[in-house]
Number of protein chains: 2
Amino acid sequence: MSEEKQKTKDRLLDAAENLFASKGFDDVSIRELAAAADVNVAAVNYHFQGKENLFQQVILRRFVVQRDNTLKALENILSDASNKPDIALVIQTLVEEYLKGTLSSPGGGSFMLLVAREMQSQNHHGSTTFFKEMVMPVFQAYSMALMDVRPCLRQEQINWILASIVGQIHHFIMRWHKKKSFDAQSEEVQIMVRVFPALGLSVDDYITQVTNHITAFSTAAIDSLYPEVSP
Amino acid sequence: MSEEKQKTKDRLLDAAENLFASKGFDDVSIRELAAAADVNVAAVNYHFQGKENLFQQVILRRFVVQRDNTLKALENILSDASNKPDIALVIQTLVEEYLKGTLSSPGGGSFMLLVAREMQSQNHHGSTTFFKEMVMPVFQAYSMALMDVRPCLRQEQINWILASIVGQIHHFIMRWHKKKSFDAQSEEVQIMVRVFPALGLSVDDYITQVTNHITAFSTAAIDSLYPEVSP
DNA sequence: ATTAATATTAAACGGTTGTTTTAAACTTGG
DNA sequence: CCAAGTTTAAAACAACCGTTTAATATTAAT
């Protein structure tokens, strides 16, 4: 594989990431992809053996980074000997890293919306390995962390808790993207911002507010339902 | 409109509800709809002037019932003079009615999955009136109820709380449908049930457990973050 | 019974989809 | 420099999409 021709694949991957993220798998045609990447339509099948495979490559390329970021962020707070982490910090780390990767990744992409979308669709474009390689490690690492900072928690309780947290995260991600899918001056956006003012903020401020809310909400719930046993 | 010919419209609506709910708007073709309802392909356009309109009719027919059920359930607990409702009861009513309508509606349909799916998609098949007529009344009624049982709550706090609750509800709905979209003996289902045992239960038991969790989780959070001011 | 409106049917239309073909343009190693 | 292999390009392919047409069948009313 030549040096210059690798650029074609990369341009295709970049264009695909943006288009898939903003319109979903089905609503992006190969011709649209080719035009955005400024390559021929046949290039998609030549380099990726089909649209389906291109999609998986896109997901994989980004999600590996996201997985490692999320795991690294957890390691950072756990290994910081200066202050012992508590429940709130663990949750805040998970939520913040998730939102950042989804709403304000450096590539400007909202690639993880793909994951949220496909996880909730009944098409199985991704394979089981995606779940095993990408989701499970993060899930298990944060399960461990939660058990460390709150030893009385049992595994099944943590499963319920994490489901509630991830559910909230997805919901706020979807709200943001739903708003962005309309014209900024449209009546729909006006209503949405009026009902939920945080949607009128910048991405970073939105992430901050949502992170603070989910963290406070979930931490309060856990502290109340599963209080720390006094030493 | 003749008596017998109304049956054609109804058969089409029923078939559309099931198919749309299980595959989404884009993944259902008119020919597929016609075959399932045992009518000609042209019948869709003849009776409903297009696929888009049929979809909206499907949503409307069911969601009016769901909206009224949800509002009626709230009225019931509010007007029951024998025991004054608390936060937990209001939340439980919302969650339970939502889940029942989505996962075990009498028609066997999972029509409200449609709403969840379309709310989270970036296509705007439904109109703004759907939001105003169907979502807002329920939202406002439950906002009022929460203010009644916990007067210290301000509107914006309620918005955040309801977002967290609805986010959790949607997530558990999606988990259930995701599981149902696989073969019962598939490896995927085995993994899902192992990680989250509640998915192995019957629908009704699943609804009960999820309702209890979301109610307990959210009530604990609210009680801790916004405690009742002592009289 | 005849007429007019309504409902159903099979066939076709124009368009888009993902993919493949065929050939020309490159890059690269001897 | 040239032949071998790799990458691009335009065009065609087969399948499917939502919709429409035009003819037929059914119903309702006079």
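Computation of the quantities below employed the complete heavy-atom set of this structure, encompassing side-chain atoms and omitting hydrogens, waters and symmetry-equivalent molecules. Order of the sequence lines sets the chain letters (A, B, ...), proteins ahead of strands, with each chain counted from 1.
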Participant: Measure from CD on A:Gln49 to P on C:dG18 and round the result to the nearest Å.
Facilitator: 16 Å
Participant: As a quick check of understanding, evaluate salt bridge (charged side-chain N to carboxylate O under 4.0 Å, His left out) for B:Lys72 and B:Glu97, giving each step before the final call.
Facilitator: CA-CA 10 Å; B:Lys72 187 73 185 165; B:Glu97 216 63 36; over 6 Å; no
Participant: In whole angstrom, what separates A:Phe48's CZ from C:dG18's P?
Facilitator: 15 Å
Participant: Output the single nucleotide from D:dC17, C:dA10, D:dA10 whose closest atom is nearest the side chain of B:Ser29.
Facilitator: D:dC17
Participant: Assess, by modelled atom type and distance only, whether the side chains of A:Gln155 and A:Asn159 contain a donor and an acceptor separated by less than 3.5 Å.
Facilitator: yes
Participant: For the pair made of NZ in B:Lys7 and P in D:dT27, what is the distance, rounded to whole Å?
Facilitator: 13 Å
Participant: Figure out the CD/P separation between A:Glu52 and C:dT17, and round it to whole Å.
Facilitator: 17 Å
Participant: Rounded off to whole Å, could you give me the CG-to-P distance for the A:Asp26 and D:dC17 pair?
Facilitator: 12 Å
Participant: Out of D:dT20, D:dC17, D:dT7, which has the shortest distance to the side chain of B:Asn45?
Facilitator: D:dT20
Participant: For A:Val64, run the side chain to side chain contact (heavy atoms under 4.5 Å, CB included) check against A:Gln66, A:Arg62, A:Arg67, A:Arg61 and tell me which one passes.
Facilitator: A:Arg67
Participant: Whole angstrom is fine here: how far is it from NZ in A:Lys9 over to C1' in D:dT6?
Facilitator: 13 Å
Participant: Find the distance A:Asp10:CG to D:dT7:P and express it as a whole number of Å.
Facilitator: 13 Å
Participant: Would you say B:Ser218 and B:Ile161 make side-chain contact, with heavy atoms under 4.5 Å?
Facilitator: no
Participant: Among C:dG18, D:dA9, D:dT20, find the nucleotide with the atom closest to the side chain of B:Ala42.
Facilitator: D:dT20
Participant: Measuring from the side chain of B:Thr8 (C-beta onward, heavy atoms only), which nucleotide among C:dT8, D:dA11, D:dT8 has the closest atom?
Facilitator: C:dT8
Participant: Looking only at the side chain of A:Lys51 (C-beta and beyond, no hydrogens), which of the listed nucleotides D:dC17, D:dT7, C:dT19 gets closest?
Facilitator: C:dT19
Participant: Return the 5'-most residue of the pair A:Asp38, A:Arg31 with respect to DNA chain D, ranking by each residue's nearest nucleotide.
Facilitator: A:Asp38
Participant: For A:Leu33 and C:dT17, give me the distance from atom CG to atom C1', rounded to whole Å.
Facilitator: 12 Å
Participant: Over all strands shown, is A:Ala43 touching base, sugar-phosphate only, or nothing at heavy-atom distances under 4.0 angstrom?
Facilitator: nothing
Participant: Please tell me if A:His47 has a side-chain N or O lying less than 4.0 Å from either OP1 or OP2 of D:dT8.
Facilitator: yes
Participant: Measure from the ring center of A:Phe172 to the ring center of B:Trp160 and say whether it is less than 6.0 Å.
Facilitator: yes
